[in-house]
Amino acid sequence: MNGGGVGAMAYTKEEGNGLGREMNEKRKEQDRIRNICIVAHVDHGKTTLADHLIAAAGGGLVHAKLAGKLRYLDDRIDEQERGVTMKSSSISLSFKDHVINLIDSPGHVDFCSEVSSGVRLSDGAVVLVDACEGVHIQTHAVLRQAWLERLTPCLVLNKLDRLILELKLTPLEAYNRMKAIIGEVNNIINAFRSEKYLSDVDSVLSATHTSEDGGEGDIEPEDIVDDDDEPDAFAPERGNVAFASAIDGCAFRIDRFADLFAAKLGANAATLKKALWGDYYYNPKTKKIVGKKAAGGKLKPMFVQFVLEPLWQVYEVGMQGKDGAEMLGKIIKSMGLKISPRDLQHKDPRVVTQTVVASWLPLADTVLSMVIDCLPSPITALPERLPRLLPNTFIPSTVDEEVRCKLESVKTAIGTCDDSIEAPCVAFVSKMVAVPIQALPKGEIVNLDMGVGDTDSAQRECFLAFARVFSGVLSVGSKVYVLSALYDPLNPEQGKNMLEARVEALYMMMGRGLEPKSEVPAGNVVAIRGLGQHILKSGTLSTTPICWPFARMSFQAAPIVRVAIEPSDPSDMGALARGLRLLNRADPFVEVSVSASGEHVIAAAGEVHLERCIKDLKERFARVELSISPPLVEFRETCDIEADTADVDKTTVGQAEFVERITPNGRCVVRVYVTRLPKTVIEVLDGNVELLKDIVEGENKVHKNQGRQQETKSSEDPVSVLRNSLLAATNKVEGGSKKKSDEVRDLWTQKLERIWALGPHRVGPNILITPEDSMNRPEAVGESGLLIRGTAHVSLKLGFSDVAEEASVPSSTVNEEEVDLATEARNLESSVVSGFQLATASGPLCEEPIWGLAFSVEAFVLPKKEGAIGADQYGPFSSQVMSAVKDACRAAVLAKRPRIVEALYFCEVVTPAEHLGSVYGVLGRRRARVLNEEMKEGTALFIVHAYMPVSESFGFADELRRKTSGSASPQLVLSRWEALLEDPFFVPRTEEEIEEFGDGSSVVQNTARKLIDAVRRRKGLPVEEKLVQFASKQRTRARKV
Ligand SMILES: Nc1nc2c(ncn2[C@@H]2O[C@H](COP(=O)(O)OP(=O)(O)OP(=O)(O)O)[C@@H](O)[C@H]2O)c(=O)[nH]1
Ligand SMILES: [Mg+2]
């Protein structure tokens, strides 16, 4: 490393001969920057690969002999112990006159947010795939992340050594396998390109799974093929695929062999490069390269003959130890390698082989050359990435000309990566990192005077912003505006989404170390001190307030595992609260909250992530002993799940059942009908929470967006997209016969036009439908009662209905009393909605939110009785109505076969065949439902896919490791909600049931009931329990006394 990294290069500004020349020089400097991120499934070898790159280009930070063993970027103790990377870290490398800012990302799904923050700052991605294990669930996910952020990818097929030494494949078999993997990765990209992709393997699999039940169309990942002529994303002949063994420090691209054999075969290297991959064969007799037909099945593909066979030979000879020494000597000589005899005499033949292959095909050289050749510099990358980074830059024609010019110039500066000092400086912070104060450069620790928020109170940790400068030059001491994603430069008077801050220090990140810099020009990744107080997780920095904020980053999952935390010693409460604040800032993904009962709750992406958060909290941020609750798993409640099974009669006929409540003062009668929403509709509601929130809450925002959209492309209007997907969802409702399903569809389409509210919290997967005045009024109401009609607000906003159905206001001819009643009814509308919101927020089973139900609430108000004056003795009428609605809704759910709904993980386990039995054992005990099992071609490895309830998943990885001696590894991704079929209140009734389960006194509680009771106990709700469970035992004990 040349010590100065980017800084050194960016600041050797020669006195130029005129501005033009200086500009050119600067452009050239930027052309020599690459910001890249290494992404892959867990354990595919990212950090090992990075080690070699650092050893070769990191200025002596890692010794060549230790590369691959040190895992330099895994600098946390737990990362080293577990062998799992837990955060993305960056390092600046210098290679062949280029500066490469490398970010190593974690592959474990729990840390997927770190991948998001890494790819946001990069222009290119090095995608790794283990040649032995192939494409996995996280390979899909990280490719998607890179694709979403519009990164240019290149591919490294890693762990070649395993194909040779472990699987003992022949070169031809290895070639076929690698070809298949490259094909698979290309197919994934093609699927993204044609936008026909299914978001992840999970949905692909569930499609195949449901088709087993008689559905149509098995969708295999291979089926998602591109139908246009775009070339494959990855092609060895184009040089963006490298073959590597990171552990051995060797890698090559085919051009290396093309050059080697060009002279030998007397062929042109460029031609050879094209022919060294694919179905091309060399005919030694004619000395010609021929296709498959002409080869007639006798010849081997050239890649096998000229690339893999020599490599296999080196490994085979090398591993023979002493016996192969002579032959190895010959090979070394013929290849012209210089290896010291001492290295060749090492006792371990593996080490000798490593030395030979590493000096023959050095990994860093290959991979870094590939990065320089195939991945873009910031200048080339940004025009392509700009629409993703700044998606909403529409300026209405009413905007002031000056503002328009400024906004346009900032956008141009970002798009061209303008690094001139005059350009507005814009940077994006993708995460905040806490580093121990000791890690700061020595000179800075003395006299450190940091603002509040930059460190913890004891000054042990310091917060740095992990950022990239997108335009201009960021310098120490400069004032910047911190813009949140909600900031609108067209309304600058709303200063609430903007803060002012000062850049206290800038550092180049060198893995574990930090190098101070005085300024950093556009195109570079940097750590900034001074923003601790101003940025929570991410944000845009700009030297001008007239600047668009960058789009939010997209995350693959949501935090799902929650625990309650309290200090072991209650007097440490303050330290815990402070620690939690620091943790929340230091981790891009964790969610810290206080529950309704006053407990501190943290939500993490998974068990490993949770463990890391607690460790950090204990050891760094709070530094007090903590007691941690068992995981708090979320459930949902629903009812009437038979409706899912396409029993149309029940869904429609179900309408007749209702629950009635009367307010204590007797003036309002509430009737609630509840129906289960079709699965497909629930999916749409669940999948568009953010958008629905915008639509339902942000009246102005939607209108504004609509305005903007109309001026662009109306088909992209998110509201109409959502409307269409809801309509499509009702179309998919299955009924028994065609006629019936048409009926059901019409029924639901009508209901979509009458959505009054969504709940809970105004955006959930439950709907409140405006009531119809039925003929069948409650007796207590009679003719005089007035129905509270409500308005289909949500349908209106979604564009299902054009005009609000106005509650009919009695004309002036009717008497005053009726007018009063009508006004009162209208005022009570909000009480009905609130009652619905309360009921859906906590259901009747265990006060968990309700999921997937449609409520229709008929509330009739009666006129005031004569003589009743003054305040109601039962409290305000509006709250009486609210509680009556809430009670009635909950009772209606309870009356209609209530069920508990649990969250399921999609789980992938890779295991050797001999442990398959144990894997099934563990899965079975945890109520997992196995979807499929397949053998990885050519290996002894099985991949098992299953759904596993989140509540059963704790300790799963550990148990699996124990039961299979560490050879099976699981990945869990949050997938979906699903209702348990079991009736929690099951009591044997029919003769058969009584025969099977007895009279009910000794029935073991079913899973659903156990789950509900556990939640109720946790929440301090009454649980129906038998106090004396084994009376006979007590009797014997009593006798003994
Ligand atoms: N045989 C073999 N093993 C390798 C190779 N590359 C890495 N490994 C091993 O694979 C394991 C995982 O390597 P890492 O570099 O930590 O993998 P990673 O992709 O960084 O893992 P995460 O960051 O946790 O996602 C280690 O035990 C490495 O020694 C290789 O080329 N061949
Ligand atoms: Mg790693």
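When a ligand or atom number is given, it counts from 1 through the structure's own listing order.
For Lys65, the NZ atom counts as loosely surrounded, since its 6.0 Å shell holds 12 or fewer non-hydrogen atoms of other residues, nucleotides or ligands.
Ligand 1 places these atoms under 4.0 Å from at least one heavy atom of Arg162: 1 (N). Of all atoms in ligand 1, numbered sequentially from 1 with element shown, those under 4.0 Å from a heavy atom of His44 are 19 (O). Within ligand 1, the atoms closer than 4.0 Å to a non-hydrogen atom of Asn158 are 6 (N), 31 (O), numbered from 1 in the order shown. In summary, the atoms of ligand 1 found under 4.0 Å from a heavy atom of Val84, numbered by their order in the structure, are 24 (O). Interface of Gly45 with ligand 1, defined as ligand atoms under 4.0 Å from a residue heavy atom, comprises 7 (C), 13 (O), 14 (P), 15 (O), 17 (O), 18 (P), 19 (O). Per-residue contacts place Val42 under 4.0 angstrom from the following atoms of ligand 1 (heavy atoms of the residue considered): 24 (O), 25 (O).
With respect to the salt-bridge test (charged N to carboxylate O, under 4.0 angstrom), the residues Arg926 and Glu959 qualify. Using a 4.0 Å cut-off between charged side-chain N and carboxylate O, Arg71 and Asp104 make no salt bridge. One finds a salt bridge joining Asp130 and Arg162 here, because a Lys/Arg side-chain nitrogen approaches an Asp/Glu carboxylate oxygen to under 4.0 Å. Using a 4.0 Å cut-off between charged nitrogen and carboxylate oxygen, Lys87 and Glu114 do not count as a salt-bridge pair. Ionic pairing of Asp348 and Arg350 is not present here: no N-O contact between side-chain nitrogen and carboxylate oxygen is shorter than 4.0 angstrom.
Distance remark: protein heavy atom present below 4.0 angstrom from atom 22 (P) of ligand 1. At a distance under 4.0 Å, a protein heavy atom can be found next to atom 7 (C) of ligand 1.
Ring orientation note: the planes of Phe243 and Trp277 are tilted relative to one another, at an angle of 30° to 60°. Ring geometry for Phe303 versus Tyr175: interplanar angle of 30 to 60°, hence tilted. Between His136 and His44, the ring planes are perpendicular. Angles over 60° get that label, and only those under 30° would be called parallel.
Side-chain atoms of Arg177 come within 3.5 Å of backbone N or O of Cys132 as a donor-acceptor pair. A side-chain donor-acceptor contact under 3.5 Å links Lys46 to the backbone of His41.
In terms of polar-atom proximity, His41 is not counted as a contact of ligand 1, lacking any N or O under 3.5 Å from an N or O of the ligand. The shortest N or O to N or O distance between Leu160 and ligand 1 is not below 3.5 Å. When only interatomic distances are considered, the shortest N/O to N/O separation between Asp74 and ligand 1 does not fall below 3.5 Å. Polar contact check, Asp104 against ligand 1: no nitrogen or oxygen pair lies under 3.5 Å apart. Annotation: Thr48 places an N or O atom under 3.5 Å from an N or O atom of ligand 1; distance criterion only.
Contacts between Ile247 and ligand 1, counted as non-hydrogen atom pairs separated by less than 4.0 Å, involve both the backbone and the side chain. Only the side chain of Arg71 comes within contact range of ligand 1, with a heavy atom under 4.0 Å; no backbone atom does. Heavy atoms of Thr47 found under 4.0 angstrom from ligand 1 belong to the backbone as well as the side chain.
For atom 24 (O) of ligand 1, the nearest non-hydrogen atom of the protein is Thr85 N, 3.0 Å.
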(message) What verdict does the salt bridge (Lys or Arg N to Asp or Glu O under 4.0 Å) test give for Arg82 and Asp74, after you've listed the backbone C-alpha separation in whole Å, the side-chain angles of each residue and the deciding distance to 0.1 Å?
(response) CA-CA 10 Å; Arg82 277 176 172 262; Asp74 282 356; over 6 Å; no
(request) Could you go through the side-chain contact (heavy atoms from CB on, under 4.5 Å) check for Ser359 and Lys338 one step at a time? (result) CA-CA 8 Å; Ser359 61; Lys338 290 198 175 56; over 6 Å; no
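Counting only protein atoms, the N, O or S atoms lying less than 2.8 Å from the Mg ion (ligand 2) are Thr47 OG1, Thr85 OG1, ordered by chain and residue number.
In this structure, Arg120 forms a cation-pi arrangement with Phe428, its terminal cationic atom sitting closer than 6.0 Å to the ring centre and no more than 45° off the ring axis.
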